[in-house]
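A short write-up of the structure that comes next.
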Amino acid sequence: MSMAAQEIRIRLSDGEARTLDFGTPEGREVYWHSTSHLMAQAVRELFPEAKLAIGPPIEDGFYYDIDIGRPFAPEDLQWIEKRMKDLARRNLPIEPLALSRAEARALFERHGDKYKLELLDGIPDDPISFYRQGEFVDMCRGPHLGNTGQIKAVKLLSTGGAYWRGDENREQLARIYGVSFPDEQQLADHIHMLEEAKRRDHRKLGRELEIFIQSEDAGQGIPLWLPRGATLRRTLERYIVDLELQLGYEHVYTPPLANVDLYKISGHWDHYRDNMYPVMKIDNEELVLRPMNCPHHIMIYKHGQHSYRDLPVRIAELGLMHRYERSGVLTGLARVRGMVLNDAHIFCIPDQIKAEFITVVEMIQRVYRDLGITEYIYTLSRRDPANKEKFAGDDAIWENAEALIVDALRDLGLAYREDVGGAAFYGPKLDIDVKSAAGKYETLSTIQVDFLLPERFDLAYIGEDNKPHRPVMIHRGVISTLERMTAFLIELHAGAFPLWLAPEQVRVLPIADRHVDYARAVAAALKARDLRVHVDDRNEKIGKKIREAQLMKTPYMLVVGDKEAETRSVAVRHRSDGDLGALPLDAFADRAAAEVSARR
RNA sequence: GCCGACGUAGCUCAGUUGGCAGAGCGGCUGAUUCGUAAUCAGCAGGUCAGGGGUUCAAGUCCCCUCGUCGGCUCCA
């Protein structure tokens, strides 16, 4: 992509002309917004009955929600795209236009534009800002490009359903997604990037690399981990548990079934029931599959008395939980119905919150470094002071907690976004959103301060004054669920996991049958160094064995033949660096073991 | 859950206007013993997602169910 500024000429609703750079978020926003209008114009010409809803720019393109009484077919997109190109080529001026409320209403009524009429009712202005290009007029705040000719390269990407105003009880509209650029090469690069994301799709790689499968018979949203996937998962489990033990967490095991009363006390039964499986009545109990682990950890905290000297108490678990997710949202390992969360609950004195927060953030940074995650942002979710009734606890507690978090973030020197009103009902939180291979940010880690559950479960510690006091809970998840983290890592690394995570680290490839014994000896020596190694002892040519090891993205392939067997060496091939030449077996073992412990 | 598309061998996919279910890879057997991305030959493998219907005849047309994919809504 060209680094030079790409100037685009725009026009504000008052008619003033300005220039923007397509390379900036504002520039792209205007550019794509105008492209969505161009698409609406094309659709209107091809489908005169079409009722337009909304057509905003999004992070990587634009969409327009349109009602033509049926969904769009792929062929429709071709026609629309072609018409858009014609309209762009005609280089129509895009001009602002002020219409009075009455004029706007008359215009929409003439077209039967019921969605626009509804939007109009929500806009207080009079007159109202419109833009016109050729025959086409759309209500819009703007700004827009000065003319359609600046739209050089357009691609309509996909269609889908969308509810009017995002409300599933209202009309279902047809949405068309697209993207556009000032230059054909940029479009080609963008399409290439989309293909690359598809190539990395963890569902595709998960099957090809034998990480997991889905079984129709086992049920929806219940992936089955294959041996190689289980090895990857076990590596993650051991890594995170060891790290947590080092950092002063105590690990526990609690079962995924619970008496529903536990979740009635916690409030989940009221707030979260739609995501829970129904109650199972057995003997005299009503059992549920838990959607979260917190109440179990609270039971463990409550089991004994706690002195202020013992706090913070950090209870951790790789906790199995089940959540009912609507069938349409299930996605490979990324969105499932049964999952294992890297969960912990820190019970502390209020003035320990800041220090605990800092420790958890530092832990997350370290874990990301080890996993190869480099791009992420912090989001502080606060209470909305204008909407206090949605949040539990009094002002002083909230103000104090938010101040502590801000203070901690300042000590850490971290830039962060704020999401006012995004807090959990029980307290403020910090989310860490990680950039995925597809370029989208998703929340993998979270740290939440909770004043409510200690209250509901009547938790206490004994203070210096020999009286009971209420502790604060911090809920924190570092590596998310093992399912989602695995999906994320597959896509991040395109299946080529760093050596320490690779399910199969080394594959030994004997050249002929007479080298199999030596190959097995090599494997045994490497296993003794805790390396995960297999021997490909099939009667196949070396080229084929290499090809298949490459396709499985095996980090190291060791070719062994007469020369190597005689000198107790291995011919090392790396999956991305190629043939590295021969090394003494011990030297290779040292090199690989060092690479594993450095987690490179 | 809603809208749409799709579902053929373990995997990737062909299969004409309805007329005998196919290929490559993989698997098995045999030959071959080979030096950095696919050795050759033979064989086996199917309730065409499941159920119902139309028809002389259904992988193909219609209906229902299940699942997958793309969206919406929601989210670790």
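Small disclaimer: the values here were computed from a predicted structure and weren't measured.
Here A:Tyr518 pairs with nothing under the side chain to side chain donor-acceptor pair (under 3.5 Å) rule; sequence neighbours left out.
With hydrogens and angles ignored, no donor-acceptor pair closer than 3.5 Å exists between the side chain of A:Arg70 and the base of B:C3. Within 3.5 Å, a donor on the side chain of A:Glu325 pairs with an acceptor on the base of B:A76, or the reverse. Remark: the A:Ser480 side chain and the B:A76 base include no donor-acceptor N/O pair separated by less than 3.5 Å. Taking 3.5 Å as the limit, the base of B:U68 and the side chain of A:Arg203 contain no donor-acceptor pair of atoms between them. Counting distance only, with no hydrogens placed and no angle test, the side-chain atoms of A:Tyr163 and the base atoms of B:C2 include a donor-acceptor pair under 3.5 Å.
Among the nucleotides B:U73, B:G26, B:C72, the one closest to the side chain of A:Lys544 is B:G26. Distance from the side chain of A:Val329 is smallest for B:U73 among the nucleotides B:U36, B:A76, B:U73. Distances were taken from every side-chain heavy atom of A:Gln220 (C-beta onward) to each of B:A76, B:G67, B:G1; the shortest belongs to B:G67. Nearest nucleotide to the A:Tyr324 side chain, out of B:C72, B:U39, B:G1: B:G1. The side chain of A:Val336 has B:A76 as its nearest neighbour among B:U33, B:A76, B:U73. Taking the side chain of A:Ile511 as heavy atoms from C-beta on, and the options B:G26, B:G35, B:U33, the nearest nucleotide is B:G35. Taking only side-chain atoms of A:Met339, from C-beta outward, the nucleotide of B:A76, B:A37, B:G71 with the closest atom is B:A76.
Remark: the backbone N or O of A:Tyr324 is not paired with any side-chain donor or acceptor of A:Arg337 at under 3.5 angstrom.
Other residues, nucleotides and ligands contribute at most 12 non-hydrogen atoms within 6.0 Å of the CG atom of A:Asp274.
Under the Watson-Crick and G-U wobble criteria, each requiring two contacts below 3.5 Å, nucleotide B:C43 is paired to B:G27.
Checking A:Asp579 against A:Glu483, the closest nucleotide of RNA chain B that is more toward the 5' end is the one next to A:Asp579.
In this structure, NE2 of A:His475 is placed 17 Å from P of B:C75, rounded to the nearest angstrom. In this structure, A:Ile432 atom CD1 and B:A76 atom C1' are separated by 13 Å, rounded to whole Å.
Between A:Glu244 and A:Arg476 a salt bridge is recorded (basic side-chain N to carboxylate O distance below 4.0 Å).
One P atom belongs to B:G45, the other to B:G52, and the distance between them is 26 Å to the nearest Å.
A cation-pi arrangement is present between A:Arg175 and A:Tyr63 under the rule of less than 6.0 angstrom and at most 45 degrees off the ring axis.
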